[in-house]
Amino acid sequence: MNKTYDHKTLEKEIYVMWEKSGAFSPEGAKTLREQNGLRDSDNEFSGKPFSVLMPPPNANAPIHCGHATYSLQDILIRFKRMQGYDALYFPGTDHAGFETQYVYENKLKKEGKSRFDFDRETFFNDVLSFVNENSDIAINQLKLLGMSADWKRNTFMLDKKVVDTVYDTFIKMYKEGLIYREGYMVNYSTFYGTTFSDLETEYKDSVSPLYYVKYAIGVAPKKEGLPSYMTVATVRPETIYADVAIAVNPKDKRYKGFVGKEVINPLTNEKIPVIEDEYADIEFGTGCLKITPGHDFNDYKIGKKHGLKIISLISLDGRMNENAGETKGLFPAQARKKVVEILQEKGSIEKINDNYENRLLVDYKEGNVIEPMILPNWFINMDKLLDPVISAIEKNKVKFNLPEWKRDTLRWIKEKKPWPISRQTVFGIRIPAWYSVSENPNLQVTFLTNFKEYKTGKVSDLLKAGISLSEIKSGLQKVITTEDAKYVIQKDSPGDDFLQETDTFDTWFSSGQWPLTTTGFPDSGDFKKYYPTDFLDSGYDIMFFWIARMIMFGLYLTKEIPFKNVYFHGMVTGKDGRKMSKSKNNGVNPVEMIEKYGTDALRMGLIVGGNTEAKFSPFDEDKVRGYRNFANKIWNVGRFINQKIEESNLNIPDDLPDADLKPEELEFLKKLEILINEVTKDLDRYKFKLAGESIYDFIWNTLANDYLESIKSRDDVSAMFTLRRAFLTAIKLLHPFMPFVTEAVWQEIKKPKGESNFIIISKWPS
RNA sequence: GGGUGGUUAGCUCAGCUGGCUAGAGCGUCGCAUUGACAUUGCGGAGGUCAUAGGUUCAAGUCCUAUACUACCCACCA
């Protein structure tokens with residue numbers, strides 16, 4: 001044995017050894033136990049299933065510190081495997097539709113290309129092969145982390161079994177009337193050409209000019225002395241083209257005489273009504289609010305309430321459309337300038353406040369502006385689907401590790417918002433809806449002609465112009481439908497006359513069914529044995545996106561909650577307690593930490609050094625270094641035992657009766673027994689940190705500093721017997737936390753009969 | 001505006017069902033040893049547990065309020 005523990009070589013060798021041994025699958029572990037003479041009949045947990053789902057990381061990206069918390073899942077799996085359970089850790093990776101497409105498009109950009117140069121099928125396949133080329137990145141790094149997942153059971157989010165299940169679920173929901181299609185105001189990013197969910201948008205502080213625009217009164221009010229116009233404050237004058245009303249608060253005495261009258265839209269010269277609505281804030285601006293239902297969420301609500309017309313100004317490519325008068329074809333920012341010029345010429349601008357602080361709606365990803373727009377979208381009516389979820393959570397059928405998680409989850413679910421599930425990305429699972437071209441002559445298609453020309457237009461016009469449907473189909477990029485389009489829902493094309501919906505599913509629609517697809521719903525052996533799973537660990541930031549929806553799908557399709565326990569780990573932050581980010585320069589790359597200190601040290605640093613159960617868990621490299629030293633300590637205790645036995649030529653018996661042991665040895669073993677109970681109990685209630693701390697303290701202080709030091713000069717059998725027994729037991733307890741060094745030492749020490757050759761499948765002490 | 005967490009040693013944090021003479025790692029100071037391990041050992045300094053009330057035989061732990069701080073949700077035309 002080397003003087004110091006060499007994590008760099010040994011960790012790699014050991015992982016390969018485990019994989020070869022088959023220990024990661026329950027079947028392989030069973031065989032291995034038998035080969036090692038461990039009888040399952042001795043074990044109360046033998047044959048019982050215990051399963052954990054791995055939250056799928058993106059297939060094509062390196063892991064970050066958040067993924068390193070997967071160690072928790074591995075700790076539990078290793079613990080249960082040693083206890084004798086058929087422990088199964090289901091791994092998988094996500095296609096991460098939007099993220100992946102984004103990365104790939106950036107790559108194209110460097111080559112001077114964009115996704116608009118390709119028909120969607122070609123583009124999809126290009127992205128897919130890009131993913132395939134890189135798909136091992138995440139998996140290999142998870143292996144570096146020591147994950148004892150059964151990789152032969154790996155699932156990829158675009159595997160046929162996943163897509164089939166996703167389609168089956170969608171069709172079932174459709175048949176049961178849970179799916180509907182509706183024009184809906186969505187967060188549309190003209191930059192990405194896709195919609196974002198409410199959860200994927202945020203507000204960004206900004207300073208924008210606030211324009212005070214005068215709207216002339218159409219019919220003069222009866223009272224004398226009233227002004228001949230109303231003034232409205234707005235940061236988006238370009239949307240005046242789509243104004244359909246002016247709202248004032250019913251309590252606002254200033255405008256009593258105006259309600260019910262009409263004003264002139266200063267850009268379109270059309271007459272629009274003055275209405276009353278509580279939403280208009282008397283205090284803000286002039287108290288007059290322009291209502292633009294086509295491009296503002298609140299205005300949309302007010303418009304619906306008052307039965308107002310909805311006018312769209314912006315087309316999907318982000319340019320102003322034919323309703324936008326003189327600004328047609330411009331981007332909104334350009335249109336704003338032009339509109340301001342026009343209004344100034346007309347004398348319609350009363351004043352401009354250049355230092356107005358407002359907040360812009362932007363996407364969470366790059367912070368680009370989001371346009372609220374009306375688009376036909378696919379929805380799930382969540383009303384009835386969420387009732388069983390609420391009741392299951394309220395009745396504690398699924399347990400959360402902390403009560404506040406339960407409260408937060410419930411609060412969100414109870415809003416029961418409809419779920420818009422269509423996304424305008426290419427890389428994803430395409431919605432199985434089909435539009436008949438002959439029945440929907442107004443379908444707008446975008447495609448590449450046989451001569452690779454980018455073309456867009458009404459399908460009926462195109463056909464009349466002599467373009468064949470097959471040409472459209474083979475070059476198809478996008479189908480935009482009207483709200484009343486007729487469609488058929490089924491897996492395969494109903495016939496030559498049909499075009500498939502080009503929208504894809506929200507990734508959470510497929511990952512929400514992850515517990516079903518990984519285990520092989522509805523009839524595989526794994527599904528029958530391992531579903532519902534036992535433990536689900538996740539970051540709390542995706543509890544709405546993911547956890548709530550998995551419970552929903554589980555209850556809907558199987559009447560069972562897909563997991564018995566939900567464990568939310570806190571966010572791993574920099575040592576300064578702030579979210580890791582490049583700009584703050586407080587990020588940590590787990591792979592670098594592994595190189596430097598070893599996987600064992602990293603795992604301990606995160607799980608025991610930090611606290612995964614708190615909302616935030618600061619990552620401290622000093623702690624990782626401390627645990628690297630601990631690994632070395634363990635290695636050297638093993639070395640000591642080996643050397644001592646060899647030097648003194650001792651023949652250590654497999655067992656010794658208590659009567660042959662000295663009182664201090666019995667006392668020491670008594671402490672060990674207490675430790676076993678404590679650790680087992682703590683792991684069973686997911687107190688990973690407490691368990692890890694106890695083992696650390698026992699090995700370093702009680703075992704090494706106290707007991708080992710006290711027997712250093714002795715070379716009798718009972719002292720060494722006791723030390724070896726305690727040490728082997730202690731490293732078994734530690735194995736789930738620090739799998740590599742414990743296995744490495746285990747391999748080096750001569751063990752008593754009845755112990756297996758691998759610590760990974762050794763029997764958990766009791 | 002609504003909500004949630006945090007506030008304990010210089011730093012990062014434990015302290016789970018009240019029993020604490022308040023702990024750990026790192027840092028710091030002193031000493032020792034090349035003897036399994038310098039990725040070491042021994043020893044020391046360092047805290048009125050944010051503040052103010054309350055419950056209790058007993059409060060870091062439970063309750064109330066306040067302050068500071070972080071985050072989440074909603075949202076300002």
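Here is how names work: the chains are called A, B, and so on, in the same order as the sequence lines, proteins then strands, and each is numbered from 1.
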Classify the side chain of [X] versus the base of [N] as yes if they form a donor-acceptor pair under 3.5 Å and no if they do not.
X	N	value
Lys633(A)	C37(B)	yes
Lys712(A)	A36(B)	yes
Arg625(A)	C26(B)	no
Glu647(A)	A36(B)	no

Whole angstrom is fine here: how far is it from [atom1] in [X] over to [atom2] in [N]?
X	N	atom1	atom2	result
Phe640(A)	U40(B)	CZ	C1'	14 Å
Ile699(A)	C37(B)	CD1	P	19 Å
Asp281(A)	G1(B)	CG	P	14 Å
Leu361(A)	C75(B)	CG	C1'	11 Å
Asn2(A)	A36(B)	CG	P	17 Å
Phe698(A)	A24(B)	CZ	P	18 Å
Ile370(A)	C75(B)	CD1	C1'	16 Å
Phe616(A)	G5(B)	CZ	C1'	8 Å

Can you tell me, in whole Å, how much space there is between the [atom1] of [N] and that of [M]?
N	M	atom1	value
C62(B)	G18(B)	P	8 Å
U17(B)	G10(B)	P	27 Å
C16(B)	U64(B)	C1'	24 Å
U66(B)	C13(B)	P	26 Å
U8(B)	G60(B)	P	15 Å
G46(B)	A22(B)	C1'	13 Å
C49(B)	U7(B)	C1'	10 Å
C68(B)	C75(B)	P	27 Å

Residue-phosphate contact under 4.0 Å: [X] side-chain N/O, [N] OP1/OP2:
X	N	value
Asn642(A)	A36(B)	no
Trp700(A)	G41(B)	yes
Asn611(A)	C13(B)	no
Asn632(A)	U40(B)	no

With a non-hydrogen cut-off below 4.0 angstrom, is [X] in contact with a base, only sugar-phosphate, or nothing?
X	answer
Tyr203(A)	base
Gly570(A)	nothing
Leu708(A)	base
Tyr356(A)	sugar-phosphate
Asp296(A)	nothing
Val232(A)	nothing
Lys687(A)	nothing

Nearest to the side chain of [X], which nucleotide is it out of [options]?
X	options	result
Glu693(A)	U39(B), A77(B), A14(B)	A14(B)
Asn629(A)	U39(B), A36(B), G25(B)	U39(B)
Ala614(A)	G25(B), A36(B), A14(B)	A14(B)
Arg639(A)	A74(B), C37(B), U40(B)	C37(B)
Glu709(A)	U39(B), A36(B), A77(B)	A36(B)
Lys3(A)	C37(B), C42(B), C16(B)	C37(B)
Val637(A)	C37(B), G25(B), A36(B)	A36(B)
Asn636(A)	A36(B), A14(B), C26(B)	A36(B)
Leu690(A)	A14(B), A77(B), A36(B)	A14(B)

Legend entry - Polar contact flag, side-chain donor to acceptor under 3.5 angstrom, Glu371(A)-Ser189(A): no
Inset, instruction - Return yes if a side-chain donor-acceptor contact under 3.5 Å exists between Arg639(A) and Asn642(A), otherwise no. - result: no
Under 4.0 Å between a Lys/Arg side-chain N and an Asp/Glu carboxylate O for [X] and [Y]?
X	Y	result
Lys687(A)	Glu613(A)	yes
Asp684(A)	Lys681(A)	no
Arg714(A)	Glu664(A)	yes
Lys301(A)	Glu278(A)	no
Glu621(A)	Lys596(A)	yes
Asp277(A)	Lys305(A)	yes
Glu276(A)	Lys251(A)	no

Legend entry - Nearest-nucleotide comparison on RNA chain B, the residue closer to the 5′ end among Thr234(A) and Ala704(A): Ala704(A)
Legend entry - Along RNA chain B (nearest heavy atom to each residue), the more 5'-positioned of Lys623(A) and Gln643(A): Lys623(A)
Using purine N1 to pyrimidine N3 plus N6-O4 or O6-N4 for Watson-Crick, or N1-O2 and O6-N3 for G-U wobble, each under 3.5 Å, what pairs with [N]?
N	result
C68(B)	G6(B)
A36(B)	none
G27(B)	none
G1(B)	C73(B)
U48(B)	none
C62(B)	G54(B)
U21(B)	none

Inset, instruction - Could you check whether the rings of Phe535(A) and Tyr686(A) sit parallel, tilted or perpendicular, using 30° and 60° as the cut-offs? - result: tilted
